[in-house]
Amino acid sequence: MTDDPGEPPVDAGAAGGVAPRHEDVPPREDVPPREGVPPREGVPPREDVPPREDALLEDEAFATDAALLEDVLLEDVLLVVRAQRDEADIIRDFRCEQATGIGGRLLGVSAGDLGGQSLLAAAPAEWQAVDICRAVVASGVPVVFEIPPVVGRDPFLATASKYRDGCIITGRAVPGADLYDSLTGLPTRALLMDRISQDLLRSKRSGRSVVVLMVDLDNFAAVNDDLGHDVGDALLTAVGQRLREVLREADTIARLGADEFVALCPEVGTEEQAGMIARRLATALARDFDLLGATVNPGASIGVTLSTPNSTPDDLLRDAGSALSQAKRSGGGQWALSTDDMHKVAVGIMRREDELRNAIGADQFELHFQPIVDLTSERIVAVEALIRWEHPEAGRILPDEFIAATERRGLMTQMGAWVVDRACRVAASWPVGGRWPEPRIAVNISVRQLGVGTLPDLVKQALHEHGTRPDRLVVEISEPDLISADPDIVSELVELADLGIRIAVDDFGTGHSGFSYLRPLPVSQIKIDRSLIAGLGTDSTDTAITSSLVAVGAGLDLEVVAEGVERPEQLELLRTMGCPFAQGWLWQAATTADAIERLLLRDEPLTRTQ
């Protein structure tokens, strides 16, 4: 890492240059106790905090059962260190992750000497790891110990907090979570949120801001698809390393998930300085990566936000995410600073996401249905169920405005179950008979509903409860989700097909892949994406691709449905290509179940809108 003159100033304790190593620091037993803090042997137990053997830092070892201890709010952290274990899982050293001048002086060095370094190497030669812990206790310096987990235990953060009677080690467990990403070695969300909290506490005293920068790779999916997951993993690791190289020792780089990283920079004075950091990151990520024989340049977008006196960690991540979205909307490869308007939008989104939790129970959702027609007769043969949110104040909200939020809040499984149940109920209520078969109902299934073993039973229950035949139900999954489907997802789709349910590939032609992924899948229908249909007759490439996809479907004995047909000339071209089915506004926009029932009762071709 570097300390560039253009960076925000670091803590005053480290700003005065690198102090010489104190070679004359006496061994631990000769260090006099800090004034006002009695030696550890004579520390009486705090009257209102009963002493616990596993909460005290014993001479023999660092307490590693901190997951059992009470949480302590630490407001004055001066040193952040990460324990280093040996092959026997014994803590032998501590690596400095963050320090101030005061934190450094307890070992007789300046904070500038400590950043990213072994504390044991900085300490007197005869010291061991336990002596470092003793020095912390004797000094009363508030410190955060990041303790990697041992086998069979949850990771946790331990804090050494100075009470009036001395120093006590306590822990805050992070059950079921890793503090460090297994691929990149960077902090994960759990550790990032803790560090943001500590930096915000310090910023209230210093009056300087905390800057959070959210970084997202623009074309990471293409790297994975075109060059393979090994190159993708190597890219993520290299991105983390490059980001660390251009930031200060006091800054944090975390991996939030997939191809998303977060840079946390404390003690920043102005928006201009925040912008300088963003430009430095953007410049670093604009350079090519040479990975496993491939040259990769995925590009990156960055969202930037600065803290206010009332900011919380969630506020900063939310606002940085809003700024990131703005950067991506501007074409990618750019950075954007969060504004008050963005903040208001983000707050509105968060409020809307909170309302989603109650919407299903409050019966605020409704299914609308768009007809799928036979192109020879132009009669209804099926319908696609499309969800709508009838918000009590905002009115009707379309899926594009809430599906992503549903996935973020982990509500997709619950919503998907509601859609399947309601679709089966509606199908059972529609009239039967006439010269045409009963219409099938297609429902969209998110990949998040698959692979956990619950969808087949959920579907069987809905079919049984409403008396709907399985062959009237079509399950649609987006092509990009199916291209990388794991064996558990394939197994569930096979189980659904064995029930007599049809499996359809939605958004067909958008996956940028061959068709080999279809081999293990029990697919009976493909739906050509509306983006290709929109170019029929006006774009030669779209027209050629659509014609090829229709031929592929026929060759594989699959039903082919063209989505988004809006003009008569598109219909005529599809008929010429031999496409058997289509849906779109040329016949009918999505409408209510009652309106579809009236169309079915007419038992005649649909009237075109133009």
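As a basis for the values below, the full set of heavy atoms in this structure was taken, side chains included, without hydrogen atoms, waters or symmetry mates. All of these numbers come straight from a predicted model, not from anything done at the bench.
Leu532 CG to Asp507 CG: the interatomic distance, rounded to the nearest 0.5 Å, is 10.0 Å. Here the CG atom belonging to Asp199 is positioned 12.5 Å from the NZ atom belonging to Lys204, to the nearest 0.5 angstrom. Taking CG from Leu236 and CG from Leu186, the interatomic distance works out to 10.0 Å, rounded to the nearest 0.5 Å. If you take CD on Gln273 and CD on Glu267, they are separated by 11.0 Å, rounding to the nearest 0.5 Å. Here the CD-CH2 distance, from Glu355 to Trp389, works out to 5.5 Å after rounding to the nearest 0.5 Å. Considering CG of Leu324 and CG of Leu317, their distance stands at 11.5 Å, rounded to 0.5 Å.
Residue Val304 comes nearest to Trp335 through the heavy atom pair CG2-CE3, 4.0 Å, listed as atom of the first residue, atom of the second, then distance. Contact detail for Gly535 and Thr543: the closest heavy-atom pair is O-OG1, 3.6 Å. The two atoms that bring Phe402 and Leu356 nearest to each other are O-CD1, 4.0 Å, heavy atoms only. When all heavy atoms are compared, the tightest approach of Ile253 to Gly240 is CG2-O, 4.5 Å. A pairwise comparison of heavy atoms in Ala327 and Ser301 identifies CB-CB, 4.2 Å as the closest pair. Contact between Ile302 and Ala282 at its shortest, heavy atoms only, is CD1-N, 3.7 Å.
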message: Please evaluate residues Leu235 and Asn224 with respect to the criterion side chain to side chain contact (heavy atoms under 4.5 Å, CB included), reporting the C-alpha separation (whole Å), side-chain torsions for both, the decisive distance (0.1 Å), and the verdict.
response: CA-CA 10 Å; Leu235 174 61; Asn224 263 342; over 6 Å; no
message: Determine whether Ser325 and Ser322 satisfy the following criterion, side chain to side chain donor-acceptor pair (under 3.5 Å), listing intermediate values before the conclusion.
response: CA-CA 5 Å; Ser325 298; Ser322 297; over 6 Å; no
message: Applying side chain to side chain donor-acceptor pair (under 3.5 Å) to Thr184 and Arg255, what does each step give before you reach the verdict?
response: CA-CA 8 Å; Thr184 63; Arg255 184 186 177 202; 5.3 Å; no
task: Applying side chain to side chain contact (heavy atoms under 4.5 Å, CB included), run through Met412 and Ile403 and close with a yes or a no.
output: CA-CA 8 Å; Met412 185 55 73; Ile403 289 298; 3.8 Å; yes
- request: Report the C-alpha distance between Asp529 and Ser531 in whole Å, list the side-chain angles of each, state the deciding distance to 0.1 Å, and finish with yes or no for side chain to side chain donor-acceptor pair (under 3.5 Å).
  value: CA-CA 5 Å; Asp529 189 69; Ser531 64; 2.5 Å; yes
query: Run the side chain to side chain donor-acceptor pair (under 3.5 Å) check on Arg244 and Gln241 step by step: do they pass?
result: CA-CA 5 Å; Arg244 286 183 64 89; Gln241 292 172 344; over 6 Å; no
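With a 4.5 Å cut-off on side-chain heavy atoms, Asn444 and Leu386 count as touching. Taking 4.5 Å as the limit, every side-chain heavy atom of Asp230 sits out of range of all side-chain heavy atoms of Leu291. At least one side-chain heavy atom of Leu200 sits under 4.5 Å from a side-chain heavy atom of Ile196. Counting heavy atoms from C-beta on, the side chains of Leu243 and Leu285 come closer than 4.5 Å. Considering only heavy atoms from C-beta on, Leu398 comes within 4.5 Å of Arg388 through its side chain. Considering only heavy atoms from C-beta on, Leu306 comes within 4.5 Å of Leu337 through its side chain. In this structure the side chain of Phe289 never reaches within 4.5 angstrom of the side chain of Val223, judged on heavy atoms. Side-chain contact between Val215 and Val239: absent, with no pair of heavy atoms (C-beta onward) separated by less than 4.5 Å.
Checked by atom type and distance alone, the side chain of Gln449 pairs as donor or acceptor with a backbone atom of Ser446 at under 3.5 Å. In this structure, Asp506 contributes its side chain and Ser478 its backbone to no donor-acceptor pair below 3.5 Å. Remark: the backbone N or O of Ala534 is not paired with any side-chain donor or acceptor of Glu566 at under 3.5 angstrom. Checking side-chain atoms of Ser338 against main-chain N and O of Thr305 turns up no donor-acceptor pair under 3.5 Å. No donor-acceptor distance shorter than 3.5 angstrom exists from the side chain of Arg195 to the backbone of Asp251, with no hydrogens or angles considered. For the pair Asp542 (side chain) and Ile533 (backbone), a donor-acceptor distance under 3.5 Å is absent.
In this view, Asp481 satisfies the salt bridge (charged side-chain N to carboxylate O under 4.0 Å, His left out) rule with no residue, not counting sequence neighbours. Judged as a side chain to side chain donor-acceptor pair (under 3.5 Å), and not counting sequence neighbours, Ser540 has no contacts.
Among Asp315, Asp314, Thr308, the one residue that satisfies the side-chain hydrogen bond (donor to acceptor under 3.5 Å, both in side chains) test with Ser311 is Thr308.
Applying the salt bridge (Lys or Arg N to Asp or Glu O under 4.0 Å) rule to pairs touching residues 209-221 yields Asp216-Lys328, Asp218-Lys328, sequence neighbours excluded.
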